[in-house]
Structure formats: structure tokens, C-alpha cells
Number of protein chains: 2
Amino acid sequence: MQTFNATHTSRIPTAIALRGTANMPQRPQPAASGVRRTFGRGEEIFAEGERCSVFFKVVSGTVRTGKLLADGRRQIDTFHFPGDVFGLESGETHRFTAEAVDKVVVIAYRRSNFSGLVQNDPAFGEQLMISMLSSLDRAHDHMVLLGRKSAVEKMATFLLEIAARRANGDRAELPMQRTDIADHLGLTIETVSRTLTQMVRDGLIRLADAGRTVILEDKAGLRLLCA
Amino acid sequence: MQTFNATHTSRIPTAIALRGTANMPQRPQPAASGVRRTFGRGEEIFAEGERCSVFFKVVSGTVRTGKLLADGRRQIDTFHFPGDVFGLESGETHRFTAEAVDKVVVIAYRRSNFSGLVQNDPAFGEQLMISMLSSLDRAHDHMVLLGRKSAVEKMATFLLEIAARRANGDRAELPMQRTDIADHLGLTIETVSRTLTQMVRDGLIRLADAGRTVILEDKAGLRLLCA
DNA sequence: CGTCTAGTTGATGCTTCTCAATCGAAGTGG
DNA sequence: CCACTTCGATTGAGAAGCATCAACTAGACG
């Protein structure tokens, strides 16, 4: 329930603290204060190919970013939780789509060009860089998952990651629906479902809240399954 | 056969031109001139978990970067060709392994902290940032491939990408072996081989140079297969 | 000329997908 | 307040794609 403002502390490396971008003499501030916006469940925040003039930081809710193939197949790169920044691009257009998983509040920051940004506030530039490298890092981990892990291994990895990112120790709250999980892990919705019920049978997890919360009964066992 | 030097022109967005980092008054130059190093086929350039004090730029040859699971399964993130930069990290240790695919010449640049680097040469910092965003971009594309594409679609995408990156229009020269391709595309070596021979039967490609060169006979057809 | 490594090809099986039915929870309207 | 609809999730049966295991081929090298 963090609906206050943008200086919300960030828990994961991708998040960028936007403090310290305040004092710049000549140019206008690139991303100091932003505009608050709200999106309903399933609403599109921006689409692949769209021109990008702003980037976003999640205040509350969950955002999914990903790509679509021509025939409708979908790959969800990441889920963004409160504190996370998304929508930064190297070019003039967005290379992926962002949608609200549930009710989402974001802050939109004006995106000036990087030269200006970095020149005016090198520390901010460095933070962006580190954030980018962390994203790249996680992208690489996800590639291992997509390319080389089995369904069970994918699910185990996902559950532990969600639990860790949202700092709820031994439970993973899943605001996204099964379809989203499937498209994130490179599986079908049926396999996601089957894998979860099998994990319940094996005593690894317990489902609550109509399947929206996964209680990690045996974290050690899950960790073994991550490969 | 480009074995001359580091100012070799880069063809793909990830590449960073390191010119223009020459004049800085107070601090020592962060990454202006580097040390030339050579690696033999299969040799390790750095390993996952190793401390990283330098990052690299390919002068000639091909480098593969990737990760290993405990049981030996491997995922190759990317192949790096002349002009490409690799080995930049946000933390103190390398998060992936880099190995020489064939005989490789690289230049190693001292890695100072980013603040210093960016402050001393904002333009260089911006270039690094753009390079990073491009890598992220390609990582996302590769996730779609790994998570949602079939074997044929993966091969077609790969061949076209290699041909485009190495700027050899209608032929893809493959310095890496089948195992590397398999571990890059999330397939087995057998499936890679079978897919290629099937493509030959379908008149899409032709193999030359003992299978090391793939001539793209029907680029339009291949493009259709990319999905 | 034998050995070694990389690649190809074949037969078989397993994991995951596909198609389809069912279930359950959350509305919605009579 | 209760059928009715709807949407998401689960479960089942069968199919398919790719992996696995194994044999074989072709260069490369001493």
C-alpha cells in the first residue's frame, strides 16, 4: 500500500533513486519531478513502436513489459514492482510493450537525451548505468531459465525470485495471472497450472487466496529444483 | 582478417567507439588506451565469479559469453565480433564467462568506477549507456527466441542475424561450432544439425566450407520463418 | 594409416503442447 | 436472492516437437 510518492525506497538493483538530480544551472531538469498517472488492470501504458518521450517508475501495483510476435505469441521480459524503473530506451521508440497487471500508479519522467542528462548530473548517469547493467544481468539469468531449464525448474526459480523481490520471505504473492507467468517462463498456462499442483502434491508449496498466493513450504527443496 | 587495431569500425550498436576519450585534466584516463591480448581457440578470457578489473573490446576473432548451470548445462548469451565490447559489470565480479571461439585478439581496458569515467568524459559515458541499452534490447529479442520460437524459427533468426551483424549480406560465416550454436539457441547439437539439413533440402540455404559457411539462398523465405 | 574431433543421421522416448471439458469464483440482472 | 454469465484456473487425453542414445561419416593431424 505505498501510494505516497516517488522517493519510495527501491528494493531491487534496477530501481533508480532519483534524488540528487535537483541542481542544474543551464538546462532544464531532465527527470527531477514527474507526473503521477494511474492505469487500470490490463491497460496499456505504452506499446512497442510508440515514440517514447517519458519513462516511468512504479509507485504501486505491478507492470509487465514484453514483446509480441506477429501470430500473437508473447514473451514477458520482466515484472516491475514498486520502486522499479521501466521504459528507458536507447532509440526514439519503445522496443517493447508495457501493461498494467493490476491497478497501477506510476510517475512519468520526461526523458531528455542522455548527453544532457549525463553531463548535467554524472552521478545520476552512473546510477542509470548501474541500473542498466543490473537489468542486463537479470536478462542473462532469464535466458538461462528460458533456454536450459525444465518446467519445474522454471517455476521453482520464478517463485523464489518473486518471494525475494517482494521481500515476503516464505510466500510469493502473484498479482499476475497464470497466462502472464506462462508467457514469462516460456511455458503454456496448462503447464504452469500442472506444475504448481504437482508442487503442492510434493509438499513444496501451498496455494492460498484462490491461487494468488503461493506459500513456500520447503524453500530448500525449491532451491534444489532451480538447478 | 582484421588484425590491425582497436579503432576498427564497429558495425553493430553494441560496439563503442573509444575515440574521444583522450583529454582529461585532473584524473588519470579511465579507459583511453588498453593492453592488447591474444587468446587461443577455446581459451577462457574470464570466468563467472572472477573479480573484474578490466573490460574488453574485440579486435579480431569471435568471443562467446554465457553461463553454466551446476550440472553442466550451458547458455550462451551472445557472440562478440570485432568492434564489440564485453565484460562490463555493475558489481565487482563477472557474472558470466567469456571464452575465445577461435583465435581472438582483444584490447583490455582498465575499469575505473563509473562516476570517474562518466564525469571525466560524459560523451564516453553516454556511449556506454547507449551500448548497454542496445545490449538489453538484443537480450529481450533473444528471450522471445528462447521462450517462444520453434527450432526452425530459431535457426532462421540466428542465420539472418549473423549475416546482418557481420555484414556479409547473403552468407553467414559461422566461426563457432554446432555446440555453441545449440547452447545459444536453447537446442541440442543434433537439432541444430537436423534443422540445417532440412533447410538445405527446402532450398533455403546452402552449406559450404565444411558447414562453416551458410549461404542464404532464400532470404525472404528465411525471414518468413522468423515469425 | 590410425586416431581424434566435429558433425550428421537414425530410432526411440519423454516432456511439453494442444485441444477440450470441467470447475470455481465473481459479478450481473431478473 | 438466485440463476446465469463470464473469466480464469484446473484437469484430462492425445499429439508433437525436441531430446536422448547410439551409430556412423568426414576431415584434421601426427
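Computed from a predicted model, the values in this text were never measured in an experiment. The sequence lines fix the lettering, A, B, ..., with proteins before strands; numbering per chain opens at 1.
- Among the heavy atoms of the strands lying under 4.0 Å from A:A151 are primed sugar atoms or P, OP1, OP2 only; no base atom is included.
- Atom-to-atom, NZ of A:K149 to C1' of C:dT16 comes out at 18 Å; the value is rounded to the nearest Å.
- Residue A:R212 places no side-chain atom within donor-acceptor reach of the base of D:dG8, judged by atom type and a 3.5 Å distance cut-off alone.
- Phosphate contact (OP1/OP2 of D:dG17, side-chain N/O of B:S150, threshold under 4.0 Å): absent.
- Atom pair A:K154:NZ and C:dT16:P shows a separation of 8 Å (rounding to whole Å applied).
- The nearest whole Å value for the distance from the CD1 atom in A:I181 to the P atom in D:dA9 is 8 Å.
- Nucleotide C:dA11 holds its P atom 11 Å from the CZ atom of B:R194, rounded to whole Å.
- The interatomic distance linking B:R148 (CZ) with D:dG17 (C1') rounds to 15 Å, in whole Å.
- Using a 4.0 Å heavy-atom criterion, one finds that A:G186 contacts the sugar-phosphate atoms exclusively.
- Checked by atom type, the side-chain pair B:K67/B:T97 shows no donor-acceptor distance below 3.5 Å.
- Comment: B:E161 engages B:R165 in a salt bridge, judged by a side-chain N to carboxylate O separation of less than 4.0 angstrom.
- Residue contacts for B:L187: at a heavy-atom cut-off of 4.0 Å it reaches the sugar-phosphate backbone alone, with no base atom in range.
- Distance, B:Q177 CD to C:dG7 P: 5 Å, rounded to whole Å.
- The shortest distance between the side-chain N/O atoms of B:R178 and the OP1/OP2 oxygens of C:dT8 is below 4.0 Å.
- Donor-acceptor pairing under 3.5 Å is recorded for the side chains of A:K149 and A:T157.
- The side chain of B:L207 sits closest to C:dT8 out of C:dT8, C:dT9, D:dA9.
- Side-chain atoms of A:H80 and A:T62 form no donor-acceptor pair, as typed in the model, at a separation below 3.5 Å.
- For B:M176 and C:dA6, the CE to P distance is 15 Å, given to the nearest whole Å.
- Taking atom CG on A:L146 and atom P on D:dC18, their separation rounds to 16 Å, with Å as the unit.
- The side chain of B:S193 places no N or O atom within less than 4.0 Å of a non-bridging phosphate oxygen (OP1 or OP2) of C:dG7.
- Between A:R41 and D:dG8 there is a side-chain N or O to OP1 or OP2 distance below 4.0 Å.
- At the phosphate of D:dG17, neither OP1 nor OP2 sits under 4.0 Å from any side-chain N or O atom of B:T191.
- In this structure, B:A172 and B:L159 approach most closely via the heavy-atom pair CB-O, 3.8 Å.
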